[in-house]
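Notes follow once the structure below has been shown.
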2 protein chains.
Amino acid sequence: MTDMATLAPPESVEAFRERLAALTDTLPKRLKQCAEHIAQHSDRIAVSTVAELAAGADVPPSALMRFCQIMGFSGFSEMQKLFREAYMPGFPDYSTRLANLRQSGSGSPAALLGEFVEAGRLSLESLAKSVDEEALAAAVDILKGADTIHLMGLRRAFAVSSYLAYALEKMEIPAMLHDGIGKFDHRHAMRAGDALLAITFAPYSEETLALARDARQRGLPVVAITDRLTSPLARHASATLTVPEVDFGAFRSLSATIALAISLAVAVGAARSSA
Amino acid sequence: MTDMATLAPPESVEAFRERLAALTDTLPKRLKQCAEHIAQHSDRIAVSTVAELAAGADVPPSALMRFCQIMGFSGFSEMQKLFREAYMPGFPDYSTRLANLRQSGSGSPAALLGEFVEAGRLSLESLAKSVDEEALAAAVDILKGADTIHLMGLRRAFAVSSYLAYALEKMEIPAMLHDGIGKFDHRHAMRAGDALLAITFAPYSEETLALARDARQRGLPVVAITDRLTSPLARHASATLTVPEVDFGAFRSLSATIALAISLAVAVGAARSSA
DNA sequence: GTCATTTTGGAATTTTTATTCCATTCTTGC
DNA sequence: GCAAGAATGGAATAAAAATTCCAAAATGAC
């Protein structure tokens, strides 16, 4: 760190992150500690003091000050300003509103809604944190090559499989929704070259497991969306995607499952149309 | 405000809100301004200074200090501490993770997922902010008195109506899902004493509108879940719930719609079982 | 191993921010 | 309309935080 032509401070959190990523490797020990701690806890910058962050990174406050300057800020305060302004963008009083909703008499419809909104949000955040990018890419790979995509998910998972059927149809991708109507199992509709996307959560639906087993035995690739890597569905799957859905009461919000499913569908759509 | 036996400071954001609500009406002008501004922007407390908040409430800083003390804190700093500590976003590094996801090459499945997760979150937050509690209560009222609840929603709304059918079935509430199979419209399955819950978004499904119109003409109450109060579905409805769903690309996340729908179902379930 | 250069830790300083205090202005009961 | 009490605004003070600076330690080139 000899010279460091004072460049303009990052103007957005994204720009900040980019510069941070670019710089981290070039920094000496203490400053790298700062960079890593900041990268890990960037959401605390807005509500912490220099001393607190420095303690967290296990460096003296002056090291953290130097770090801020290297990032292009005049000092810590300028950096903090960026994060304070970005704090809760778009929906400033969401948390207030949510608190009011949840408080509006337990059991009241509004309070219930508050709980489900929160459950959905937690599920989505948790999904973003835990998603296995490789498994997702593998799943896209499998489905983009399939002649017809068979969709199987019953009971609570039926909402997801039916939405996928809608999305795939819209993108003109051949898909078949196995809906269990009349107890026809339609297993013979699955032909060589097809793939199965199966969705089930505990307690696992026997019909879904059976269809996945059948597909597997006949050599068709199976993509699983389920709740755990050790789920019985995963045993039959070539790629397994897990969703950490938060329940409220007896029902789950499905937000995370649907987000994952629709992402998968759109990624497959993009892959097929560019092929 | 003569004497104010110094009581212990609130230990949680909920306790804070309760005390705030209880106190607001007893306060003189300036202090009430503080209370109202704080109630409205409690999420900014963690990242603001006394001067900033005071300016926002249009009072001098000393008034705000007095307000903090009346709330039971030793001063502003102690109050701010409560909010800074409470701000542990459910999953500490969610925002970092999300930023990484979205950055992972546009068009990649992971990047798509990042976008859908964000769209879902925004939808949920927006729903919490905009939900019409009275309309929600009215909808529960209508549905809790119905003999059979008829569910109608096609295309993208079918995921929602089918999930509702699942939830109502689980709660042993008589419900019938109109699925459009074989183009049977099943309108005559709707009997006096029943109610219809219809769901459609632009471009509105003709079948759904037709069924709602029919129910209306026969004097059955109709609850609508749609995207705008001016939607054609709302014209046939006794209660209209609107959902501000955020799209990403051609598809919506459905998170908010499902959260609203399931809340409605559970509230109806609770109302019926306690009746 | 020595010297030049970079990096570091902590004490000293400056700036910002919170907090107190009190003179003045409003209210309200009579 | 007058007094007594409450509420208010702003200047003065105290506290906390950010920032700078420099001597000491570490590193690395020769």
Side-chain angles (χ1 to χ4, degrees), chain A residues 1-6 9-10 16 23-38 41-42 44-85 87, chain B residues 1-6 9 16 20 23-38 41-42 44-85 87:
Chain A
M1 282 297 106
T2 60
D3 63 338
M4 176 55 62
T6 15
F16 174 89
L23 233 49
T24 301
D25 292 331
T26 76
L27 297 174
K29 188 161 164 231
R30 286 286 111 104
L31 293 176
K32 190 180 288 189
Q33 278 174 251
C34 293
E36 275 161 8
H37 183 257
I38 290 288
H41 300 96
S42 56
R44 304 258 4 136
I45 297 174
V47 295
S48 302
T49 65
V50 173
E52 284 164 359
L53 286 173
D58 200 27
V59 300
S62 51
L64 207 119
M65 289 304 300
R66 243 171 284 131
F67 169 78
C68 296
Q69 284 159 1
I70 285 168
M71 284 293 290
F73 299 100
S74 69
F76 175 75
S77 299
E78 195 175 283
M79 178 169 110
Q80 189 176 52
K81 188 155 154 262
L82 176 68
F83 283 85
R84 284 190 170 176
E85 279 164 6
Y87 181 86
Chain B
M1 282 297 106
T2 61
D3 63 337
M4 177 53 63
T6 14
F16 174 89
L20 182 60
L23 233 49
T24 300
D25 291 332
T26 76
L27 297 174
K29 186 161 165 236
R30 285 286 109 103
L31 292 176
K32 192 180 285 187
Q33 277 174 251
C34 292
E36 274 161 8
H37 183 257
I38 289 289
H41 300 97
S42 58
R44 303 293 316 166
I45 297 174
V47 295
S48 301
T49 64
V50 173
E52 285 163 359
L53 286 173
D58 200 26
V59 301
S62 50
L64 207 118
M65 288 304 301
R66 241 171 284 130
F67 168 79
C68 296
Q69 284 158 1
I70 285 168
M71 284 293 290
F73 299 100
S74 69
F76 175 75
S77 299
E78 195 175 282
M79 179 169 107
Q80 188 175 54
K81 188 154 156 264
L82 176 68
F83 283 84
R84 285 190 170 176
E85 281 166 5
Y87 171 69

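Reminder, nothing fancy here: chain letters follow the sequence lines and each chain counts from 1.
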For the residue pair B/Q69 / B/R66, report whether a side-chain donor-acceptor contact shorter than 3.5 Å exists.
no
Residues two or more places apart in sequence or in another chain: which of them pass side-chain contact (heavy atoms from CB on, under 4.5 Å) with A/A46?
A/F83, A/R84, A/Y87, B/V47
Residues within residues 55-63 of chain A bordering DNA chain C, heavy-atom distance below 4.0 Å:
A/P60, A/S62
Of the nucleotides D/dT20, C/dA18, D/dG9, which one has an atom closest to the side chain of A/M65?
D/dT20
Could you work out which one of C/dA18, D/dG9, C/dT8 sits closest to the side chain of A/L31?
C/dT8
Closest to the B/T49 side chain, choosing from C/dA18, C/dT8, D/dA18
C/dA18
Where the side chain of B/P28 is concerned, which of C/dT19, D/dT8, C/dT8 is the nearest nucleotide?
D/dT8
State whether A/R66 places a side-chain N or O below 4.0 Å from either non-bridging phosphate oxygen (OP1 or OP2) of C/dT7.
no
Can you list everything that forms a side-chain contact (heavy atoms from CB on, under 4.5 Å) with A/T24? Sequence neighbours excluded, please.
A/L20, A/K32, A/A35, A/E36
Can you identify which nucleotide, out of D/dT8, D/dA18, C/dT19, has its nearest atom closest to the B/V50 side chain?
C/dT19
So, is A/Q69 close to the D/dT20 phosphate, meaning a side-chain N or O under 4.0 Å from OP1 or OP2?
yes
Any sub-3.5 Å donor-acceptor pair from B/T26's side-chain atoms to B/L23's backbone N or O?
yes
Rounded to the nearest 0.5 Å, what separates atom CD1 in A/I70 from atom CE in A/M65?
11.5 Å
